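Everything below concerns the one structure shown next.
Keep in mind it's a predicted model, so treat the numbers as computed, not measured. Indexing begins at 1, ligand by ligand and atom by atom, following the structure's order.
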Amino acid sequence: MCGIVGYIGKREAYPILIKGLHRLEYRGYDSAGCALMNDKGLHVYKAKGKVSDLEDVVMKASSEGEDITKSCTLGIAHTRWATHGVPSEVNAHPHVSESGRLTLVHNGIIENYATLREQLKKRGFHFKSETDTEVLVQLIEYTQNLKQCSLSEAVRNALKLVFGAYAVAVIDANHPDELVCARKSSPLAIGVVEDHSEYFLASDASPIAEYTKQIIYLKDEEVAVVSRGKDIKIYNLQGEETKGEVKEVNLDLSMLDHDGYDHFMLKEIFDQPNVLKDCMSGRIVESPYSSAYRGHEGPESGLQVVLSAVTQHRRELLRARRIIIVSCGTSWHAGLIGKQYIEHFCRIPVEVAYASEFRYSDPVIEPDDVVMAISQSGETADTLAAIEQAKAHGALVFGIVNAVGSSIARESHTGVYIHVGPEIGVASTKAFTGQVTVLAMLSLALGLAKGTMSQKEYDETIHELIQIPEKIKKVLEQNDKIKAIAQRFAKASNCLYLGRGWNFPVALEGALKLKEISYIHAEGYPAAEMKHGPIALVDEQMPVVFVATHHALYEKIISNMQEINSRGGHIYAVVTEGDEQVKKIVEDIIEIPQTIGWLVPLLSVIPLQLLSYHVAVAKGLNVDQPRNLAKSVTVE
Ligand code: G6P
């Protein structure tokens, strides 16, 4: 978490830094700060709160004195998700060294900061903040003083003493033409231009993309020196020069705007029909085989799924004895749906693990296991650590990631991008349906190749899958109705989400969405399991949401509803259109179009996304930036 931006070049740094921070605010928004350098030295500004609060501070300072923002062409900036120390101005980055010469921004956690801090205190260093970051800037200055070396050498030597994760950018008041940055386990992208006249630095490509498409992603334990007019220099911690690989990154910048919607989350919910088409595009293609070859009379989609990762790693995937899915949060819920797909279509046993638990569980991983990492951001620290474990045991790592070029994408042996465009709202929506769509395509491609699914079921499922975007549009038409229902949830303190089979992970996801952005305590449960505990919570104050579509276990879920009904609970249900039975038992229903059972989650989750959105809006909360959360969780 935390977002870093840096600029060195010929333009005014401040507007670039601020725009970049706004783009990275999804990574944390507890405080913001920037350091700007001109020929008069360093100027540091900080504010508790959001990037807009920092803008107010800088504007006030400029109106009261000289507007230094106009004369600074070098700067670093930061938006914070607090780990060590409360959100406050003093804990905000950049942090400045004892002499005031060095200033630094950091994303990550320095695990041995307490010991280092004590040692530095004994050597006469003073600390203003409670952060681990301040230790790092002091340590760099201490090293530089001791060895009388360059800033980059001091950074390298200091980082050798550090345990933990970092992406850092440092500037030295004595060297106004140079910016030094480094990374380990936290992402850092450097935008380069051909004539080396300027460099852009950021935690991801979004603040850079409008200036250059040429991006170098620093690797672990690399330190880069960028200087105006000079070629970039990259070193490992031992001081040996390494070569940065320049990648061309094409980001659709229109995805980074609200586009007339009140919030990113609403836009991203409404984006789903289009982005799911993008996700399937080029992957569901005309089949070269005739209907005679397919040999059945079911719907003849005439289509097939082609995923290059499956073609390239066909042998390892077909011989996989087990698939272990590792992920966190919403991506973990997508993993639960993926398990159902893979087990049914491919008959491969699947385990779905929380990455944070998996990494410390001394897991049994065999070389013929496939470890599948699912992540929207591609930067989740726990998922990355799980990948490392998998690689160490010789398993094939298959990434399902949205953020192109992200750490998980790079660390995986192979994988499939979700291709739903950048997701800015902290609560994940389109990334979830994108992940489920990829998992459906993957299990279809693998199931057919393995011979564990019939051509008929393959054709029928593809035929339905390509209709999902249009069916989502139909669900979205009920936005006003869902908004009206949401008003009844706004006063609730607790809420229960129940579903079975394919809809159980959807119930979990619905509950997560509600608690993330409306701060109402919500639990997702398998509907039948509810009578072993949560039913004790049911009273007239508690809304209960059933995901009760017309599929397997439908009759059973009706009985579960009766159990809640007879205890005075207020039931709201997501049902298949035309359902007459549920209507009679519940307070209100939201209908979704008919589809096959496997694909129901892609439709039944949409009303739950909208419901949580409207509840949060009704409560007057910040939907896109809910308290305490961040979109990219780069710390454990
Ligand atoms: C955070 C986000 C969630 C996300 C989870 C996993 O908690 O707020 O929306 O589901 O991280 O992130 P990933 O990027 O790995 O999918």
What short N/O contacts, under 3.5 Å, does ligand 1 make with the protein, listed by atom pair and distance?
unit_1   : atom_1 : unit_2 : atom_2 : d
ligand 1 : 8 (O)  : Ala630 : O      : 3.1
ligand 1 : 9 (O)  : Val426 : O      : 3.2
ligand 1 : 10 (O) : Thr330 : N      : 3.0
ligand 1 : 12 (O) : Thr380 : OG1    : 3.4
ligand 1 : 14 (O) : Ser375 : OG     : 3.2
ligand 1 : 14 (O) : Gln376 : N      : 3.4
ligand 1 : 14 (O) : Ser377 : N      : 2.7
ligand 1 : 14 (O) : Ser377 : OG     : 2.6
ligand 1 : 14 (O) : Thr380 : OG1    : 3.4
ligand 1 : 15 (O) : Ser375 : OG     : 2.6
ligand 1 : 15 (O) : Thr380 : OG1    : 2.4
ligand 1 : 16 (O) : Ser331 : OG     : 2.5
ligand 1 : 16 (O) : Gln376 : N      : 2.7

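Checked for salt-bridge contact, Arg322 and Glu351 meet the test: a charged N lies under 4.0 Å from a carboxylate O.
In this structure, the ring of Phe432 has its center no less than 6.0 angstrom from the ring center of His333. Annotation: His413 is not in aromatic contact with Phe398 [ring centroid separation under 6.0 Å not met].
Residues passing the ring-ring contact (aromatic ring centres under 6.0 Å, His included) test with Tyr29, sequence neighbours excluded: none. Remark: Phe489 engages Tyr572 in a ring-ring contact (aromatic ring centres under 6.0 Å, His included) (not counting sequence neighbours).
Here ring pair (Phe, Tyr, Trp, His ring centres under 6.0 Å) pairs that include residues 503-522, with residues two or more places apart or in two chains, number zero.
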